[in-house]
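Remarks on the structure that follows.
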Amino acid sequence: MAIAASAQNKLPTSRLKGILERLGRHTESSAKKRGACCEMLGRARTGFVILTATTVVFCYFVLQHTQVLHLQQRRCHIQERNKSLQSGTCNNTVVETTTETKRGTRDCCTNCDMYVGVRPSCITRNFTGPWCQVIRQKRGYAKVKVDLASRSLEMLEKLHGADLDPGGLYRPRDCTSSQRVGIIVPFRERSLHLKVFLNNIHPFLKKQRIEYMIIVVEQAPGSRLNRGMLRNIGVIEGEKLCKFDCYFFHDVDMIPLSNLNIYTCGSKPRHHAAALARWNYVLPYQHIFGGVVSFTTELFKKVNGYSNMYFGWGGEDDDLYNRVRYHNMDIERYPMKISRYGDLKHHKSVAQNSRYSYLKTWKARVEVDGLNSLKYNRHLVEFRKLYTWIYVGINEQEVLISI
Ligand code: UDP
Ligand code: MN
């Protein structure tokens, strides 16, 4: 039926030819149109790519320029500051910035010399009331409640920071402390210990009604840890901040266990950390002088501080003991029960054999190697809520060849 119908509707050949011709022309023109369209699209794509590339290059130059401006501003600021520091007019300058201290940006401070945060107000210290009474207890050892929980720094700041001045400075408000004590902590990569230390040392010291400041001296990477030098630096930098009567040199992993272990200085250098859990609370040898020791500022200066020659673990404490004896001084200790400390666990540091040769020649170096011959780069001093942070660089080769 369908074939029959198509046969009935058959078109004449001439008309069919016409239709086909028109159809051909139409296809040709749409192909042309399509070609033109594609060409346009292609041009648009190239245009878009060129535009994007130009925008990227433009943005890059703008960013570079901004950064260069920022760096120039910074350099200017530091130069100005150094100039005024040299001329002695800038002692109390306060540089308010917080961005410098974030971990990732520390490196940019390699050659800076900056104080960050509000400087603690300990320059003037007058007698303003009754002397603070130190704890007096005849019997027992007034056990400290140690808290070994791991807490965030923010939490610790909330717990202990309310009555502290910037830089971890504490001053009893209702009485005058007989001494101002700088607690110097050599430090590198022991942040868990530092948090436990801060959590315990602040309540311990506040209870003793002592004016004190916690000073953490951190050595930048690049050379072996020099504990003696960091302690010396703590004193030299501490003296620029406040007038301290007494210094404690305190390992970050030592937690005092008796409230009768009073943190003021006596007339002799004192060895505090004499009874450690790891030694079953028995003194290993008579002249041991590490962990926690205290000196009046005057006596520490007299012995010329620690030797700067001991890189890596060991030696600097025994050297210091020799210096004390050389100056005809004795050391003293509280009774063993009072000298108890909890020592936080860590991997044993690698002992350095080089310490033996320096220990043999200690006497020749007393006068020329110590507080009076320190060489270091002070990168940053930052007054944090719970402590003052002093970040320094030490060039081991330079120090070792200097003597
Ligand atoms: N220290 C540090 N990071 C180290 C090694 C030592 O901060 O990697 C500091 C810290 O204050 C520590 C002190 O130096 O308590 C004494 O070092 P260490 O604890 O290794 O000595 P040891 O316990 O063997 O006497
Ligand atoms: Mn230790």
Side-chain angles (χ1 to χ4, degrees), residues 103 106 146 148 150 153 168 182-202 204-205 213-235 237-238 247-257 261 263 271-285 287-294 305-321 339-356 359 376 379 384 386-394 396:
R103 274 209 161 259
R106 262 190 206 173
V146 175
L148 295 178
S150 133
L153 212 53
I183 312 277
I184 293 172
V185 184
F187 180 80
R188 181 190 260 174
E189 290 178 343
R190 293 263 177 106
S191 33
L192 289 180
H193 283 182
L194 181 60
K195 283 187 253 181
V196 175
F197 175 73
L198 293 169
N199 191 22
N200 286 279
I201 207 74
H202 276 298
F204 170 82
L205 291 173
M213 188 193 235
I214 307 288
I215 302 172
V216 174
V217 192
E218 178 172 349
Q219 186 176 334
S223 52
R224 288 179 294 166
L225 193 70
N226 189 321
R227 295 156 175 80
M229 241 182 124
L230 292 181
R231 293 166 180 137
N232 284 343
I233 293 169
V235 171
E237 292 298 327
Y247 282 101
F248 271 63
F249 303 101
H250 211 300
D251 282 4
V252 74
D253 52 13
M254 294 284 159
I255 311 294
L257 298 180
N261 187 351
Y263 272 37
H271 181 223
H272 291 256
L276 306 190
R278 75 166 106 130
W279 303 326
N280 280 327
Y281 303 113
V282 175
L283 196 69
Y285 55 98
H287 65 261
I288 192 164
F289 198 47
V292 183
V293 299
S294 65
Y306 282 86
S307 161
N308 299 317
M309 293 295 115
Y310 296 87
F311 283 86
W313 187 92
E316 83 284 2
D317 300 338
D318 295 332
D319 192 299
L320 182 66
Y321 178 80
S339 305
R340 285 188 178 188
Y341 280 78
D343 44 344
L344 305 175
K345 285 206 167 54
H346 58 78
H347 290 298
K348 180 99 189 80
S349 304
V350 182
Q352 302 294 307
N353 286 335
S354 55
R355 72 189 191 279
Y356 295 119
L359 272 172
Y376 63 99
H379 294 332
R384 296 184 173 172
L386 299 182
Y387 60 96
T388 293
W389 176 59
I390 302 179
Y391 188 52
V392 295
I394 296 176
E396 185 170 334

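Counting starts at 1 for both ligands and their atoms, following the listed order.
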Answer yes or no: is there a side-chain heavy-atom contact under 4.5 Å between [X] and [Y]?
X	Y	answer
Tyr387	Leu194	yes
Ile233	Ile184	no
Leu225	Leu230	yes
Ser349	Arg227	yes
Glu237	Ile215	no
Leu205	Ile183	yes

Give the atom numbers and elements of ligand 1 that come within less than 4.0 Å of a heavy atom of Lys348.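 Heavy-atom distances to Lys348 below 4.0 Å select 24 (O).
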
Nearest heavy atom to atom 16 (C) of ligand 1: which of Asp251, Leu194, Leu225 does it belong to?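 Minimum heavy-atom distance to atom 16 (C) of ligand 1 goes to Asp251.
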
Between [X] and ligand 1, does any nitrogen or oxygen pair lie at a separation below 3.5 Å?
X	result
Glu189	no
Arg188	yes
Val252	yes

Under 2.8 Å from the Mn ion (ligand 2), which protein N, O or S atoms do you find? Ignore water molecules. Asp253 OD2, His346 NE2

Do Asp317 and Tyr310 pair up side chain to side chain, a donor and an acceptor below 3.5 Å, judged on atom types alone? no

Do Tyr285 and Asp318 have side-chain atoms, one donor and one acceptor, less than 3.5 Å apart?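 Judged by distance alone, the side chains do pair up.
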
Does the residue His193 have a heavy-atom contact with ligand 1, meaning some pair of atoms that are separated by less than 4.0 Å?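 It does not; every heavy atom stays at 4.0 Å or beyond.
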
Protein contact to [atom] [nearest heavy atom, distance to 0.1 Å]:
atom	value
atom 12 (C) of ligand 1	Arg190 NH1, 3.5 Å
atom 9 (C) of ligand 1	Pro186 O, 3.5 Å
atom 17 (O) of ligand 1	Arg227 NE, 3.0 Å
atom 25 (O) of ligand 1	Trp313 NE1, 3.6 Å
atom 20 (O) of ligand 1	Ser349 OG, 2.5 Å

Atom CG in Asp319, atom CZ in Phe289: separation rounded to 0.5 Å?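 One gets 12.0 Å once the value is rounded to the nearest 0.5 Å.
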
Heavy-atom contacts under 4.0 Å between Met254 and ligand 1: side chain, backbone, both, or neither?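 Under 4.0 Å from ligand 1, Met254 contributes no heavy atoms.
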
For ligand 1, the portion of Arg278 having any non-hydrogen atom under 4.0 Å away: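 Arg278 to ligand 1: side-chain contact only, backbone stays beyond 4.0 Å.
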
Flag this pair as yes if the NZ/CZ of Arg231 is under 6.0 angstrom from the six-membered ring centre of Tyr306 and inside a 45 degree cone about the axis; otherwise no.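 Judged by the rule, Arg231 and Tyr306 form a cation-pi pair.
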
Out of Arg355, Glu316, Glu396, which residue meets the side-chain contact (heavy atoms from CB on, under 4.5 Å) rule with Phe311? Glu396

Report the relative orientation of the aromatic rings in His272 and Phe248; use parallel for angles under 30°, tilted for 30 to 60°, perpendicular for over 60°.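 Ring orientation of His272 relative to Phe248: tilted.
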
